[in-house]
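Every value quoted in this text rests on a predicted model; they were computed, and no experiment measured them. Note: hydrogens, waters and symmetry copies are ignored here, and every other heavy atom, side chains too, is used.
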Amino acid sequence: MKIKTMFHQRHVLMCFLLLGFYSTAFSQSGYGLWLDYEKVNDASILSDYQNQIRSVYFLGESETLNLAREELKLGLNSLLGSSIDFSSTNSNNASITVATFDQLERKTQRKLKKIDIAKDGYYIGHDSGKIVITAKEDIGILYGVFNFIRLLQTQQPIDNLAILDAPKIDLRILNHWDNLDGTIERGYAGKSLWKWQKLPKYIDQRYIDYARANASIGINGTVLTNVNANAWVLTPSYIDKVAALADAFRPYGIKVYLTARFSAPIEIGGLSTADPLEAKVQQWWKTKIDSIYAKIPDFGGFLVKANSEGQPGPQNYGRTHVDGANMMAEALEPHNGVVLWRAFVYSEHDATDRAKQAYSEFVPMDGKFKENVIVQVKNGAIDFQPREPFHPIFGAMPKTALAMEFQITQEYLGFSTHLVFLPKLYEEVLQADTYQQGKGSLVAKVIDGSLDNHKISAISGVSNIGSDLNWTGHPFAQANWYGYGRLAWDPYLDSETIAEQWLRSTYSNDKDFVKPMTDLLIESREAVVNYMTPLGLHHMMDTDHHYGPGPWVSELPRPEWNPTYYHKADSKGIGFDRTKQGSDAIAQYADPVAKKFEQLDQVPENLLLWFHHLPWDYTLSDGKTLWNSLGIHYQKGVDQVREMKKVWEQMSPYVDPISHKEVSMLLDIQLHEAIWWKDACMLYFQKHSKLPFPKAMEKPKHSLKHYKSLKHPYAPGI
């Protein structure tokens, strides 16, 4: 254990040396993320901080506490521009005391004893004029240190602190769709971080930096492999490699999880079946799981995609999702492991509306899953679209713990070439009211377990992280990783606060930068909805790679793979009828929500065509026809990107030249592709409407034939 500790500390030291020596280079490359601790440039605020922070009394020794101490030292020295004295022996003159609650002086304990610090939580306050950072656990100290540094980064007052904070969701997980060959499905920022060939002997510095970044925003779990799983990762040689990653991540409070291929007993176990009710299959999984925990005592558990899009599962043997999930859960239970069982299912043998299928399949199973099974549900019923109504499963399975699955990588939102601030999307979903237990039954309350008093809660985000120097491809895509982490910690945060925090931590605290850029970020998601899928349209992306528009695609073998399945444009109108007269998907929502979606005078116009097929000349609330409004929305999306470009040009005084040029070039691409979306979609829809384009819409630059001819066989992320 001592050797392992020394090994880890060597890498921690390397991390901080690198950050110290190359902070300028990191800042310009984006490698440092939101953790580039640049000196406070406001003289008045700097002087105030320096007067209040002169020395630190830091108690405790553990891998996690040592990381917290070094992080605080790096943060204070960098932000304040001076060397702060750290001591573990003399508290008399210290400005800041950092210690777990049981290590605090008795008099301080007595003053703070009424403060109820929850698991993983922390308290930052004052005692006799001195700042105290405390927690019940070591990881809480690390989280508290990161939050205190964030206060300084964002130039908040620290003279009257009383912050009691803890995560509202237990399992805050990143899902990496990384394959063992180094590729990433739906990855747009390079290859996988995991260098399997070099593991377990070689611990890349990037693993440490990755763990540090996740800990700074409270993420405490990572699924290392793709949901389209490869059984090979469960073999002994790969478990040794996974164990090395688990050792590197553990001091940062991060557990590792793996995707489990349901047919693994056949593919790597030599069995003839993977039937979950067969005793030999159950024993195989028990033995396999025991062997994993022998190498990784705090292994988190499995994420499973079963009987979905060709993946094997219990239904191959006439069994149910309950049979499959509970079989794995029983083997994991003695180790406190969990099964995250994905509800993303739709079948070529089911002719009903794809949006209904997951609900129809899973809701009847409510109450049948073991307590350590968490059903993981995408935010919407189709597939990570620019806008979807919240998934009707949320609130409809009160006896089952449900995890939210968001996509951080921008599969359907322009990849890593488009600037789209996704926390606005996440907030919209989390704050949606399911009405399943009356008004106020928010999706957020389903996810954090408070609505139905679940013992365990979870949230997952499909990662946008890769080997690109700046981690996420687009510099502003870092904000989506950051924002996901902040909302995983507290799903009630508003996206504007998150945007401002990230901008201040990453770029500048100048109000002339923060205000216009916060507005830009908040507007950016609506811009992409406008130029891709306005008024409730969805799944209009070209086939397979999902790059660019393809509303004309109609010849794929499964109907629900075709964009024409979703928009149903014809000579009469456009939209998917999910009312009682159509697929009746609306009936899966609680009555107050269903009634709102059913009635044309109540349904939000931004979801209009998700639930209704309407004539081209249907009149919207603003008096415009549906056809004209469609064209105006597409044009508005283009104009919003043009405005984003103008705002960004004005930000050059606040951003280093390399970063500014990089984002400028990406915005040029985004504008070009926004126009492409507008022109291609409106030309195709005009084939059906036979109507002239609205005057407010710029006329297409090319013919529909031209747009249909565009092919992209090497688009990334497939």
Side-chain angles (χ1 to χ4, degrees), residues 11-41 67-81 142-143 145-155 174 189-190 193 203-219 248-249 252 254 408 416 419 463-486 498-510 513-514 517 521 651 654-663 666:
H11 282 277
V12 172
L13 178 61
M14 185 187 302
C15 170
F16 288 108
L17 286 174
L18 283 170
L19 285 171
F21 288 131
Y22 298 112
S23 60
T24 301
F26 280 172
S27 178
Q28 294 187 356
S29 71
Y31 184 87
L33 299 164
W34 48 88
L35 297 172
D36 277 337
Y37 300 145
E38 295 186 2
K39 184 177 178 180
V40 175
N41 60 5
L67 288 170
R69 182 186 295 106
E70 292 305 312
E71 193 70 46
L72 186 58
K73 188 177 296 184
L74 174 68
L76 294 181
N77 290 348
S78 301
L79 288 161
L80 305 186
L142 183 61
Y143 292 149
V145 162
F146 274 120
N147 190 57
F148 183 71
I149 293 172
R150 185 184 298 122
L151 295 174
L152 304 183
Q153 276 185 294
T154 56
Q155 299 186 2
L174 279 180
L193 295 182
I203 302 298
D204 194 294
Q205 178 59 37
R206 202 151 185 175
Y207 305 156
I208 308 300
D209 299 336
Y210 163 87
R212 173 175 173 253
N214 281 326
S216 76
I217 49 177
I219 289 172
F249 298 161
Y252 292 92
I254 297 170
I408 310 170
S416 61
L419 193 165
S463 164
N464 63 343
I465 301 163
S467 61
D468 280 5
L469 187 55
N470 71 359
W471 300 88
T472 58
H474 197 302
F476 276 76
Q478 295 178 0
N480 297 331
W481 177 10
Y482 177 90
Y484 164 75
R486 298 292 289 129
I498 294 168
E500 184 173 329
Q501 278 184 353
W502 180 79
L503 288 165
R504 287 178 177 274
S505 299
T506 308
Y507 287 105
S508 171
N509 278 280
D510 194 300
F513 173 82
V514 174
M517 286 305 298
L521 288 180
M651 297 301 107
Y654 311 102
V655 183
D656 69 81
I658 293 174
S659 299
H660 192 269
K661 183 179 180 181
E662 183 179 3
V663 174
L666 289 166

Do [X] and [Y] touch side chain to side chain, with heavy atoms closer than 4.5 Å?
X: Thr154; Y: Ser505; value: yes
X: Ile149; Y: Leu74; value: no
X: Ile254; Y: Ile219; value: no
X: Tyr482; Y: Leu33; value: no

Task: Spatial distance of atom OG1 (Thr506) from atom CG (Leu35) [nearest 0.5 Å] - done: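 One finds 8.5 Å between OG1 of Thr506 and CG of Leu35.
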
Open item on the list: Checking the side chain of Asn509 only, and the main-chain atoms of Gln153 only, is there a donor and an acceptor separated by less than 3.5 Å?
Closed with: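 Between the backbone of Gln153 and the side chain of Asn509 there is a qualifying donor-acceptor contact (under 3.5 Å).
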
Task: Trp471 six-ring face occupied by Arg206 cation (under 6.0 Å, within 45°) - done: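 Output yes; distance and angle both within limits.
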
- [ ] Show the numbers, then the answer: is there a side chain to side chain donor-acceptor pair (under 3.5 Å) between Gln155 and Arg504?
- [x] CA-CA 8 Å; Gln155 299 186 2; Arg504 287 178 177 274; 5.2 Å; no

Task: side chain to side chain donor-acceptor pair (under 3.5 Å) evaluation trace for Asp209 with Tyr31 - done: CA-CA 9 Å; Asp209 299 336; Tyr31 184 87; 2.4 Å; yes

Open item on the list: Pair Trp34, Ser216 - check side chain to side chain donor-acceptor pair (under 3.5 Å), show working.
Closed with: CA-CA 9 Å; Trp34 48 88; Ser216 76; 2.8 Å; yes

TODO: Taking ring pair (Phe, Tyr, Trp, His ring centres under 6.0 Å) as the test, write out the residues that go with Phe148, two or more places apart.
DONE: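 For Phe148 there are no ring pair (Phe, Tyr, Trp, His ring centres under 6.0 Å) partners, ignoring immediate neighbours.
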
TODO: Report yes if the distance between the aromatic ring centroids of Phe476 and Trp502 is under 6.0 Å, otherwise no.
DONE: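 So the answer is yes for these two rings.
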
TODO: Could you give me the CA-CA distance, side-chain angles and deciding distance for Glu71 and Tyr37, then say whether side chain to side chain donor-acceptor pair (under 3.5 Å) is met?
DONE: CA-CA 10 Å; Glu71 193 70 46; Tyr37 300 145; 2.7 Å; yes

- [ ] Please state whether the rings of Phe513 and Tyr507 are parallel, tilted or perpendicular, taking 30° and 60° as the class boundaries.
- [x] tilted

